[in-house]
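Computed from a predicted model, the values in this text were never measured in an experiment. So you know, we letter chains A, B, ... as the sequences are listed, proteins then strands, and number each from 1.
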Protein chains: 2
Amino acid sequence: MSVTIYDIAREANVGIGTVSRVLNNSANVTSQTRERVITIARRLNYQPHAFAQALARKRSNTLSAIIPFFTNYFFIEVLQGVQETLTSLGYDLIIHGVNSQDQVEEYLQRSMRKGRVDGTLLFSLELPEIYAQEILERKTPLVLVDTFHPKFDSIRVDNTMGAKIATEHLLSLGHKSIGMINANLKSSPAKERLSSFRLTMSEHGISISDDLIMNSPDAKNDGFSRESGYHSMKEFLARGTALPTALFVSSDIQAIGVLAALRESGIRVPEDVSIVSFDDVELAKNFDLTTMSQPMFKMGVLAVKKMLERIENPNAPVTSVDFKPTLVIRASCGANKKYVFHQQ
Amino acid sequence: MSVTIYDIAREANVGIGTVSRVLNNSANVTSQTRERVITIARRLNYQPHAFAQALARKRSNTLSAIIPFFTNYFFIEVLQGVQETLTSLGYDLIIHGVNSQDQVEEYLQRSMRKGRVDGTLLFSLELPEIYAQEILERKTPLVLVDTFHPKFDSIRVDNTMGAKIATEHLLSLGHKSIGMINANLKSSPAKERLSSFRLTMSEHGISISDDLIMNSPDAKNDGFSRESGYHSMKEFLARGTALPTALFVSSDIQAIGVLAALRESGIRVPEDVSIVSFDDVELAKNFDLTTMSQPMFKMGVLAVKKMLERIENPNAPVTSVDFKPTLVIRASCGANKKYVFHQQ
DNA sequence: ATGTTCTATGGAAGGGCTTTCAAAAGTAGG
DNA sequence: CCTACTTTTGAAAGCCCTTCCATAGAACAT
């Protein structure tokens, strides 16, 4: 039925071992037989059976990614980095889109099904301690992206530094009264960004009252959503208290919601209030958001690299790399006069 | 090292066949031995080796998707339907994100690597005829989503009907002068939507001059992008000719760009110009776009169902289902007074 | 020519599972 | 208690590959 190395071997009058060696570019085959085998393989349109290979090699050349990618564009961009790198290396990627923390466990189980994948990438989700143990015992390579566990390799962005840069940018523009529209504090990026914001402000001798800070109560995507930003801003406005002259928003997608809410009240950005957000998602430039850029693509690439290193060398010491976010100045902060800030 | 059915067999004093039967819930095993085997399997924390299973069963329980999902949110939503269905059925999904038509071939090759996947889903991309032949010969199940080929199952949206409904909605609101901001005509949805728009207008006795129609020259994502919409609208405005009172835009994402361009010129939506677009992407409701809703999630679900049917029954006649898009009325068309149209 | 070292090659083993086949055990009928 | 079935079970074969091992032959040295 489908053509195997046995078929090729027969046609070429060689043994299957030789065929295998040719196809895998192993040494010790005369160029003559090599030619012959290759020709025949091509003629028969031979395709290796991936699973048989995986079984024999004890290596599947596929990775899995557990990722809440349907709700946040951040992940999509990271995934792009992951995917392109993997593809160039001949690896496959199995994707497990997750909607909630509970599902993580189910997928973790599945990913760990023996032999299925060479390793798994876990994005932005907490690794339950029970699983941490089990994974360590099984020695399934695991790399964490945008999340942390002391026993596993991880790649993150330095939220503390990011929030500090964002805040200081606003301060450098002369703002004294700065508020923050934050996501749900359950999420650690939200937590880190808030406390760094607070710290930076106090380092500059400014104390901030709590009512300048809006933490999202949303569970969905931990408040990293347009709705969340919109509602937080609406609520802020509804209180009727004086608006700060600048806002630090914990993500671009929220900032877009914030912009909508502000516009409904006729408040202009950046004339009336300046905004700096976080992520630098594709959409951000369409909204001329000044934002902390996370090298998402690069993070994806690095995640794959780390994973492959881990696979090569299971006992290497655990590493953790923090990417430094960089400030991308567009129009929403008011610093850059040459841009016209146009939102619809 | 890792536990196999041999280990279980030894512990339970049965043959490997019996273990396999128990684990696969085959008939003809006494409940006594069944119990014993299950207990031991659980105690040893047995996990089946997916590849060995796939090899023996000649079935991998994984599908692959070739999808341009990094550029258009439409796909992400379809994928969600695919993924959830697949997961509930115990299938895995390998994703191949594609940036251009050329890559399709590479991935098609890879997907077809014998045994790797039970079938592949191709999204919105043309199936090169050479591959069509080869795939048919190999009998790799292939289901097309949002694209078409007479020899394969396909799931599409009825663009003709969609454009007709959209246009007639605008007409029913009293508009006589309607323009269209279209994507790149290379893409068949763009083509279909345009010709249906034209036809519908003429059916209603209105002839439209060509300068009311803007086709995008963009190659990137075939002009289905915010930039494309923005630039088309800008260009339209730059011509200084009279604006139509309504616009049919070929996608939500373009419409968002159109809104931005209009706003820059101080043109209000829907007061000055009404807009109906296409897709009903997640973002659309945030922009209060009246749009033709495509049941993206459902399409994903159906794609999987079709695929599984095809796998079960490779020789069933080819089917093609057209989803009927439905009109979702929000504020951008001006029909629905109760909404406040708020854009930032 | 003979012995020695390499290289090229064939083929068996092994990877972990499912499934088929035949034997063993159990059940029922007489 | 024996025969004729039926059910349960163990084990081998097969899925397709990689890899190891042994052998045959070539190349070289003596």
Participant: Are any non-hydrogen side-chain atoms of A/L122 and A/F152 less than 4.5 angstrom apart?
Facilitator: no
Participant: I'd like to know if B/E134 pairs up with B/K151 as an ion pair, taking the criterion as any Lys NZ or Arg NE/NH1/NH2 lying under 4.0 Å from an Asp or Glu carboxylate oxygen.
Facilitator: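 Salt bridge between B/E134 and B/K151, a charged N being under 4.0 Å from a carboxylate O: no.
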Participant: Which one, C/dT19, C/dG16, C/dT9, comes nearest to the side chain of A/T30?
Facilitator: C/dT9
Participant: Using a 4.0 Å heavy-atom cut-off across all strands, classify B/Y6 as base, sugar-phosphate, or nothing.
Facilitator: base
Participant: Kindly say whether A/N61 contributes a backbone atom to a donor-acceptor pair with the side chain of A/D118 at under 3.5 angstrom?
Facilitator: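 At least one qualifying donor-acceptor pair exists.
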Participant: Look at the side chain of A/R36 against the base of C/dT9 and say whether a donor-acceptor pair falls under 3.5 Å; ignore hydrogens and angles.
Facilitator: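 Counting by modelled atom types and ignoring angles, no donor-acceptor contact under 3.5 Å is found here.
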Participant: Please check: side-chain N/O of B/E77 versus main-chain N/O of B/M296, any donor-acceptor pairing under 3.5 Å?
Facilitator: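 Such a contact is absent between B/E77 side chain and B/M296 backbone.
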Participant: Which nucleotide wins on minimum distance to the side chain of A/T33, given the candidates C/dT9, C/dA8, C/dT18?
Facilitator: C/dT9
Participant: Between C/dG16, C/dC17, C/dT18, which nucleotide has the shortest distance from any of its atoms to the side chain of B/R57?
Facilitator: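 Of all the options, the side chain of B/R57 is nearest to C/dT18.
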Participant: Can you give me the first and the last nucleotide of DNA chain D (5' to 3') that has an atom within less than 4.0 angstrom of a non-hydrogen atom in chain A?
Facilitator: D/dC16 to D/dC20
Participant: Respond yes when some side-chain nitrogen or oxygen of B/Q53 is under 4.0 Å from OP1 or OP2 of C/dT18, and no when none is.
Facilitator: yes
Participant: Side chains of A/R57 and A/N24: does their closest heavy-atom pair fall under 4.5 Å?
Facilitator: yes
Participant: Is a donor on one side and an acceptor on the other found under 3.5 Å between the side chain of A/S60 and the backbone of A/A54?
Facilitator: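 The answer is no, because no donor-acceptor pair under 3.5 Å joins these two groups.
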Participant: Hey, what bend do you get for the helix from C/dA1-D/dT30 to C/dG30-D/dC1 if you fit axes on five pairs at each end, rounded to 10°?
Facilitator: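 It comes to 50° between the two terminal axes.
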Participant: B/D92 and B/T62: side-chain donor and acceptor closer than 3.5 Å?
Facilitator: no
Participant: Below the 4.0 Å mark, does C/dT9 have OP1 or OP2 next to a side-chain nitrogen or oxygen of A/N28?
Facilitator: no
Participant: Check the surroundings of atom CD in B/E11: do more than 12 heavy atoms from other residues, nucleotides or ligands lie under 6.0 Å from it?
Facilitator: yes
Participant: If you take atom types as modelled and just measure distance, does the side chain of A/R59 reach the base of C/dG15 with a donor-acceptor pair under 3.5 Å?
Facilitator: no
Participant: By nearest nucleotide on DNA chain D, pick out whichever of B/A56 and B/T18 is the more 5' one.
Facilitator: B/T18
Participant: On DNA chain D, does the nearest nucleotide to A/S26 precede the nearest nucleotide to B/L55 from the 5' side, or the other way round? Give the residue.
Facilitator: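 Here B/L55 is the residue nearer the 5' end.
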